[in-house]
Amino acid sequence: YTVWYDGLATVDAVKVKPVLNIKLKQFTVQIDNNIIVLLGKTSVADNYILKDNWGRYYTVTEVGYLEIGTDIVMLTVPGELIPQLVYGNVVDKTQSYLGTDWELEYTSELVAENKTVLVMGLCNDAIGYIVPDNDYSSSGAEGHYEETVSTGSRSATAISKALLTANKRL
């Protein structure tokens, strides 16, 4: 117990059925950010950096899908996920850096209705910030500091697709 907890609002405990299902999905993310490539290749960061025959770089990571009881789903992601990718309201083409819309479903929509969706970031890996593809900027533009520590413009799509695969019935 610390002073930090003083005045913290508490919630009632929730009983859940004795069910715990876990599914992990390993996948690769293409890296657009040369800083991440450098950190991985010099072992400053503990990410495997792979290079294909066309000179593109990738890293291997994973997501998780956990069912807790019958009403709670916890998604585990390998970085700091921008909340709009889970709960909606990703910037549209009029506000996004690239002037395009987010094309995929929100992650919470990948989960069956009437379930509480929780997200736990930085699980099993740390690939940096996960920002919507349509709002990624490697230019250092104002309001885009997250991209300095992000694998790049494809991480949100790769993670969303991996979560969709992991969401397939356990």
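- Lys25 has its side chain out of reach of Leu163: every pair of non-hydrogen atoms, C-beta onward, lies at least 4.5 Å apart.
- By the side chain to side chain contact (heavy atoms under 4.5 Å, CB included) test, Thr42 is found to be paired with Leu38, Val44, residues two or more places apart in sequence or in another chain being considered.
- Here CD of Glu67 is found 5.0 Å from CG of Asn21. Values are rounded to the nearest 0.5 Å.
- Residues passing the side chain to side chain contact (heavy atoms under 4.5 Å, CB included) test with Asp71: none are found, sequence neighbours excluded.
- Every residue two or more places apart in sequence or in another chain that forms a side chain to side chain contact (heavy atoms under 4.5 Å, CB included) with Lys41 is listed here: Val37, Ile49, Tyr57.
- By the 4.5 Å heavy-atom criterion applied to side chains, Val77 and Val119 are counted as neighbours.
- The side chain to side chain contact (heavy atoms under 4.5 Å, CB included) search around Asp133 returns Trp102, Ala156, Thr157, not counting sequence neighbours.
- The shortest heavy-atom contact between Tyr129 and Ser155 is O-OG, 4.2 Å.
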Practice prompt. Given side chain to side chain donor-acceptor pair (under 3.5 Å), test Ser150 with Asn33 step by step and report yes or no.
Written response: CA-CA 7 Å; Ser150 171; Asn33 187 337; 5.8 Å; no

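- A heavy-atom distance below 4.5 Å is not found between the side chains of Val90 and Asp135.
- With sequence neighbours left out, the salt bridge (charged side-chain N to carboxylate O under 4.0 Å, His left out) criterion links Asp52 to Arg56.
- For the atom pair CD1 (Ile68) and OG1 (Thr70), the distance works out to 11.5 Å, reported to the nearest 0.5 Å.
- Counting heavy atoms from C-beta on, the side chains of Val91 and Asn134 come closer than 4.5 Å.
- Residues Thr151 and Gln30 fail the side-chain proximity criterion, which asks for heavy atoms closer than 4.5 Å.
- Using a 4.5 Å cut-off on side-chain heavy atoms (C-beta onward), Pro132 and Leu85 make contact.
- The cluster map of Ile, Leu, Val, Met, Phe, Trp and Tyr, joined by side-chain heavy atoms under 4.5 Å apart, puts Ile31 and Tyr58 in different clusters.
- Annotation: the span from Tyr136 atom OH to Leu98 atom CG amounts to 10.0 Å, rounded to 0.5 Å.
- Both Leu66 and Leu24 belong to a single network of hydrophobic side chains, linked directly or stepwise wherever heavy atoms of I, L, V, M, F, W or Y lie under 4.5 Å apart.
- With sequence neighbours left out, the side chain to side chain donor-acceptor pair (under 3.5 Å) criterion links Thr61 to Asp125.
- In this structure, Asn47 and Ile36 have side chains that are not in contact, with every pair of non-hydrogen atoms separated by 4.5 Å or more.
- Transitive grouping of hydrophobic side chains (ILVMFWY, heavy atoms separated by less than 4.5 Å) keeps Val60 and Phe27 in distinct clusters.
- Considering all non-hydrogen atoms of both residues, Val16 and Gly69 come closest at CB-CA, 4.0 Å.
- Interatomic distance, CG of Leu81 versus CG of Leu75, reported as 9.0 Å (0.5 Å rounding).
- You'll find the side chain of Tyr65 stays beyond 4.5 Å of the side chain of Ile22, heavy atoms only.
- A donor-acceptor pair under 3.5 Å links the side-chain atoms of Thr59 to the main chain of Tyr48, judged by distance alone.
- In this structure, CD on Glu62 lies 11.5 Å from CD1 on Ile159, to the nearest 0.5 angstrom.
- Here the CG atom belonging to Asn34 is positioned 11.0 Å from the CG atom belonging to Leu39, to the nearest 0.5 angstrom.
- Within the 3.5 Å criterion, the main-chain N or O of Val117 finds a donor-acceptor partner in the side chain of Tyr87.
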